[in-house]
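This one's a predicted model, so the numbers in the text were calculated from it and none came from an experiment. Start at 1 and go down the list; that is how both ligands and their atoms are numbered. Numbers here are sequence positions counted from 1.
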Amino acid sequence: MTLQENYKRYEDWKFRSSAYEMALSIINIDKLTVAPPAGAAYRDERAAYLAGELFAIQTDPTILPILAELKTDADPVIRREAELYEREILKIHVIPKEEYVAFEEAMSASYNAWLEAKKNADYAVFEPHLKGMIEWKKKLYGWRNSSLPLYDQMLDDFEPGTTTAFYDRFFSRVKERLVPLIHRVVNAEPAEEAFLYQYCPASLQKQWTTDVLLPLLGFDPSWGYQNETEHPFTSWTCENDCRTTTKYLEHNVTSSIFSTIHEVGHAWYEHNIDPRYDGTILSFGVSSGMHESQSRFCENYLGRSRAFWEAAYPSLRKQFPDQFGSVSLDAFVRAVNASKPSLIRTEADELTYPLHILIRYEIEKGLFSGSIDPADLESVWNEKYREYLGVTPSNAAEGILQDVHWADGSFGYFPTYALGSAFAAQFFRKMNEEMDVDEALRSGNYTSCIAWLKDRVQTYGAFLSADEIMQKATGSPFDPDCYLDYLEEKYSALYHL
Ligand code: ZN
């Protein structure tokens, strides 16, 4: 085949793949938001069929030799694309298509079971599916025939280049510095925060989010749309179609506010990727950790700052005068940053959050190295919460059933949340050196912070690796102590330690 023919085939292959990816993404968003549950089985079966068709396109045996050739192309964008496509295809091309489709079906059934189990706080409904997902993952990774340990392969899928050894070092540093700090905070004068849990009708929360928060975040309806779901997430198909979700809790008004800021942070990342990468593997964030760094940057480093609330609090107070009329700005900001050991990861404060991740990391590592028996999962979960955070779930919904990740077999994802928070600290330090972040937030100019992120991080998509982005944006390699310094400084000041 001539070079021209190769390019043509390659372009055609990318287009067909992205068309199926788009269809599956929209079907999945629909499933997780508005689709009536009784139709799940019919839909899931057909979605699994479509996933099988996509799989067949992606693993087309004629594409690997073309990619091998394109890896030496004169254009660096094509070289990077070919390298990443090859990496992904080599992971799956050995799996028989029927096995792949059967896994997709099992995954949908597992999600449906998780949803029901969580609603009724009944782990028994989900347990066989969870065990099934663990077995499925072992089987699917077995096909790859890699010499790497199983859990290292999983970690690498979400954060290329990371291993158990890397995260062991990271988490041991986190533990070394945060556990004593958390003990000091627990023994300090607690922050007043009961007013955050007053009744605020969901309809009024939604109105404020739509009229005030989303415009303040610059989330524009021409390229973004927000929906509601059980477990907030963000999904996208291209630069100009980014979907976020949230969940309104009537006795926890800030839950949906921070989940919205978080998810819109993910959406901004996807929206800001260089549009010439649309429809290719470069149009996705480079890694899960980098994605979480952007969302957690928005949620915590910007969204929990006093300067942000100087702009946003007056209108929230107006929306809920009975609840917040007598609460000062300072009291509100202190409350949304209050730290105390808790049960639910997504509601956890910035300081204790990494311990929620550490627990999941240790469980996943144990599960796939064989030191934890899947039959003991719930008791191991509860025991680790008692050990690290001193709390015990009163039921499975606030324990092992709280997260969606294991229901769809995403083992190895959790550690990227902590890593992303740590990446974000390093970006935050640099951003503050280069612009007046507080002044921008105070004046309602949130999007100028996003513009900095776009320029330094987001525009590259997957063209640069996470390490390269970190080095280019901050001038140094990743350093977890930057994150631990930030937390120590912030919480020492907040609790007058
Ligand atoms: Zn996220």
Side-chain angles (χ1 to χ4, degrees), residues 25 28-29 32-33 111 154-155 157-160 162 167 209 213-214 217-219 224-237 242-249 254-273 283-304 344-350 352-361 364 402-428 449-450 453-454 457-458 461-462 466 469 483:
S25 168
N28 195 46
I29 294 167
L32 301 182
T33 53
Y111 174 82
M154 295 175 166
L155 294 171
D157 277 354
F158 292 107
E159 195 64 28
T162 57
Y167 279 115
T209 296
L213 183 59
L214 291 175
L217 302 177
F219 191 59
Y225 179 74
Q226 172 141 297
N227 220 322
E228 290 172 49
T229 190
E230 174 56 33
H231 199 301
F233 67 95
T234 302
S235 203
W236 52 86
T237 60
C242 302
R243 317 290 180 97
T244 65
T245 53
T246 193
K247 183 181 177 184
Y248 296 103
L249 301 177
T254 54
S255 172
S256 82
I257 295 175
F258 289 110
S259 89
T260 295
I261 302 174
H262 178 102
E263 298 306 333
V264 170
H266 281 301
W268 266 122
Y269 188 2
E270 291 299 323
H271 177 65
N272 281 338
I273 290 173
S283 75
F284 299 93
V286 66
S287 67
S288 303
M290 195 53 78
H291 236 300
E292 291 305 330
S293 81
Q294 303 303 287
S295 54
R296 295 188 64 76
F297 189 99
C298 293
E299 176 190 351
N300 293 325
Y301 296 75
L302 303 180
R304 290 184 200 270
I344 308 290
R345 177 186 65 84
T346 54
E347 309 291 340
D349 60 85
E350 259 183 294
T352 56
Y353 186 86
L355 297 190
H356 289 260
I357 301 303
L358 171 67
I359 290 170
R360 288 154 177 78
Y361 170 68
E364 289 183 342
Q402 65 181 268
D403 292 305
V404 67
H405 306 61
W406 291 346
D408 63 17
S410 295
F411 302 102
Y413 190 103
F414 282 122
T416 71
Y417 285 118
L419 190 63
S421 302
F423 285 170
Q426 207 163 323
F427 294 136
F428 187 58
C449 301
I450 299 293
L453 293 172
K454 175 181 181 176
V457 178
Q458 300 174 347
I469 290 173
Y483 172 49

- Message: Please find the pair of heavy atoms, one from L155 and one from G412, that lie closest to each other, and give the distance.
- Response: CD2-O, 4.0 Å
- Task: For Y417, check ring-ring contact (aromatic ring centres under 6.0 Å, His included) against everything at least two apart and list the hits.
- Result: H405, Y413
- Short N/O/S contact of E292 with the Zn ion (ligand 1) (below 2.8 Å): yes
- Item | Angle subtended at the Zn ion (ligand 1) by H266 NE2 and H262 NE2, rounded to 10 degrees | 100°
- Message: So, 2.8 Å as the limit: is an N/O/S atom of H291 located closer than that to the Zn ion (ligand 1)?
- Response: no
- Query: Would you call V264 and L214 a side-chain contact if the rule is heavy atoms closer than 4.5 Å?
  - Reply: yes
- Message: To the closest 0.5 Å, what do you measure between CG (L355) and CZ (R360)?
- Response: 11.0 Å
